[in-house]
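For clarity, every value in this text was computed on a predicted model and none was experimentally measured. Throughout, a chain's letter reflects where its sequence line sits, starting with A, and its residues are numbered from 1.
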There are 2 protein chains.
Amino acid sequence: MSITEFLSSIVPFTQDELNDIQSHFKKELVPKNQILVHQGDICKTLYFMEQGMGRSFYTNENGKEITQWFFGIGKFMTSADSFFQQTPSLYNLEVLVDSVVFSISKEDIDQLFAKYHKMEKLGRLVTTEMLTKIVNKLNAIQFQTAKERYDYMLAEFPQIAYQVPLGHIASYLGMSQETLSRIRK
Amino acid sequence: MSITEFLSSIVPFTQDELNDIQSHFKKELVPKNQILVHQGDICKTLYFMEQGMGRSFYTNENGKEITQWFFGIGKFMTSADSFFQQTPSLYNLEVLVDSVVFSISKEDIDQLFAKYHKMEKLGRLVTTEMLTKIVNKLNAIQFQTAKERYDYMLAEFPQIAYQVPLGHIASYLGMSQETLSRIRK
DNA sequence: GATTTCCTTTGACCTATGTCAAAAAATGAC
DNA sequence: GTCATTTTTTGACATAGGTCAAAGGAAATC
């Protein structure tokens, strides 16, 4: 899914608007395992995942990596806090397979928000959608058994569930890798 | 905190704009324990909590009430999904003490979003803030001990923590009331 | 101010899931 | 194809926090 297709699917931009908006995005090929943002950095770029997948994760006190979110095709990938409030990111952003992303700087997207009311609306709608998804995850984590949480994962990220290391999924779901391995049987 | 103060604190509206916007909100006095929205209803109204506090909660398969969020003074209170996507609410919205709220309908706020770019921006910023808070809760729930989660609660809702029944807080934090009671000692 | 109802605490016991360690399987490098 | 590395599975054991039941306290109602 191209970025213009994505934008148009949410708000009806004119062709001129789309051209202008698109011109602020830069296409990048990112190789597997590359870290786009490091924990502690201020995230200055928003990424749109055209092809591939990524995750956000942090390293806890015991040096263990905890996956916080997965990003599939057609999603914006960023450390939302850090990007929008320009505060140090709690997370690393990592690309999990060779990927194609479109990137845009904070200044540029703020300019687009200011220039186009429609773009601001898109920002609001995308954020609302993210909010809904996080609430769903929260419910899964808070009140479901390990088995049910895995089912939630399969429903939410069907394409990702079978392509990333088990440990990433386990930490995303808030359980140990051993438990997830036992569940999957 | 009045609604106009709140709006102005986020985006610099002119006095005329504020007057117009405010005219779409209706002040309501809501008595303690009133349910504003029932689980399963489509949430047609957004509430701004001027005075008082509320919560969202649902009743699970075993008939137990699970608190999902608390709403303090100066916050918007709604079942975000239900209101913005006009889908059945997963939650009840309940006022916990006698409260003063400003309410606005979905149609009216959509009109305001459409009329004022600044209002759309406000919507985006408020949603982003909510997103950040939910992510914080998620982290607390997912990776912290019961004790640490209670500390998170005290930090996030200091004024609320001592004013609502223990059971509401326990379910909000994803633990049993007995566990919370033991922790508090 | 007595009664009823609701809320909180305490105790005893149980279980889902964590941790640690090692084996087995899969993947990647040469 | 072989060796090295990474990932997944398995087993044994530990524990945080759950459940159930009952007793105390607080607070609303008459």
Side-chain angles (χ1 to χ4, degrees), chain A residues 31-35 53 55 57 59-67 70 92 94-98 137-154 157 160-185, chain B residues 31-35 53-55 57 59-67 70 92 94-99 137-154 157 160-185:
Chain A
K32 180 173 175 173
N33 296 330
Q34 183 162 323
I35 305 281
M53 69 180 83
R55 65 163 181 155
F57 72 96
T59 306
N60 73 7
E61 326 78 65
N62 312 317
K64 211 185 134 201
E65 291 184 358
I66 309 286
T67 297
F70 291 106
N92 303 279
E94 178 187 31
V95 150
L96 294 170
V97 299
D98 291 347
K137 177 180 174 184
L138 184 55
N139 285 333
I141 295 282
Q142 190 165 3
F143 298 112
Q144 299 187 345
T145 62
K147 169 84 178 66
E148 291 168 325
R149 274 179 272 165
Y150 184 59
D151 293 340
Y152 148 82
M153 169 80 197
L154 292 178
F157 297 107
I160 292 176
Y162 295 108
Q163 294 180 252
V164 306
L166 200 65
H168 291 177
I169 298 175
S171 68
Y172 172 78
L173 294 176
M175 66 182 73
S176 71
Q177 174 166 326
E178 293 90 330
T179 296
L180 181 53
S181 172
R182 285 174 179 122
I183 281 169
R184 264 225 296 219
K185 280 197 313 190
Chain B
K32 180 173 176 174
N33 296 330
Q34 184 161 323
I35 304 281
M53 70 180 86
R55 66 162 179 154
F57 72 97
T59 306
N60 72 8
E61 325 79 63
N62 312 317
K64 212 184 135 200
E65 290 184 0
I66 309 286
T67 296
F70 291 107
N92 303 278
E94 179 188 31
V95 150
L96 294 170
V97 300
D98 292 346
S99 300
K137 177 179 173 185
L138 185 55
N139 285 333
I141 295 282
Q142 188 165 3
F143 298 112
Q144 299 186 346
T145 61
K147 169 86 178 63
E148 290 168 326
R149 274 179 271 166
Y150 184 58
D151 292 340
Y152 148 81
M153 169 80 197
L154 292 178
F157 298 107
I160 291 176
Y162 295 107
Q163 293 180 255
V164 306
L166 199 65
H168 291 179
I169 298 175
S171 69
Y172 172 78
L173 295 176
M175 66 182 75
S176 71
Q177 174 166 325
E178 292 91 331
T179 296
L180 181 53
S181 172
R182 286 173 179 121
I183 282 169
R184 261 222 299 217
K185 280 197 314 193

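- Summarising the geometry, the separation between CD on E178(B) and P on dA22(D) is reported as 14 Å, rounded to the nearest angstrom.
- At distances below 3.5 Å, not a single donor-acceptor pair connects side-chain atoms of D98(A) with backbone N or O atoms of P31(A).
- Rounded to an integer number of Å, the gap from NZ of K185(B) to P of dG17(D) is 15 Å.
- Distances shorter than 4.0 Å separate some side-chain N or O of T179(B) from OP1 or OP2 on dG18(D).
- By the 30° and 60° cut-offs, the orientation of the rings of Y172(B) relative to F70(B) is tilted.
- In this structure, CG in L173(B) is found 11.0 Å from OG1 in T179(B), a value given to the nearest 0.5 Å.
- Distances shorter than 4.0 Å separate none of the side-chain N or O atoms of K147(B) from OP1 or OP2 on dA16(D).
- In this structure, the side chain of S171(B) engages the main chain of T67(B) through a donor-acceptor pair within 3.5 Å.
- Taking atom NE2 of H168(A) as the reference point, atom C1' of dT8(D) lies 13 Å away to the nearest angstrom.
- Between the OH atom of Y150(B) and the P atom of dT8(C) there is a distance of 11 Å, rounded to whole Å.
- Atom P of nucleotide dC7(C) and atom CG of L180(B) are separated by 15 Å, given to the nearest angstrom.
- Atoms CE (M175(A)) and C1' (dA16(D)) sit 17 Å apart, rounded to a whole Å.
- Interface remark: the R182(B) side chain does not form any donor-acceptor pair with the dG18(D) base, using a distance-only criterion of under 3.5 Å.
- Taking atom CG of residue N60(A) and atom C1' of nucleotide dG18(C), one finds them 14 Å apart after rounding to whole Å.
- Side-chain N/O atoms of Q177(B) and base N/O atoms of dC7(C) include no donor-acceptor pair closer than 3.5 Å.
- In this structure, K32(A) and R149(A) both approach DNA chain C, and ranking their closest nucleotides by distance from the 5' end singles out R149(A).
- The phosphate of dG18(C) has OP1 or OP2 within less than 4.0 Å of a side-chain N or O from S176(A).
- Per the geometry, CD1 belonging to I183(B) stands 12 Å off P belonging to dT9(C), to the nearest Å.
- Each of Q34(A), K32(A), R55(A) was evaluated against E94(A); a single residue qualifies, R55(A), per the side chain to side chain donor-acceptor pair (under 3.5 Å) test.
- The residue among T145(B) and R184(A) whose nearest nucleotide of DNA chain D is located toward the 5' end is R184(A).
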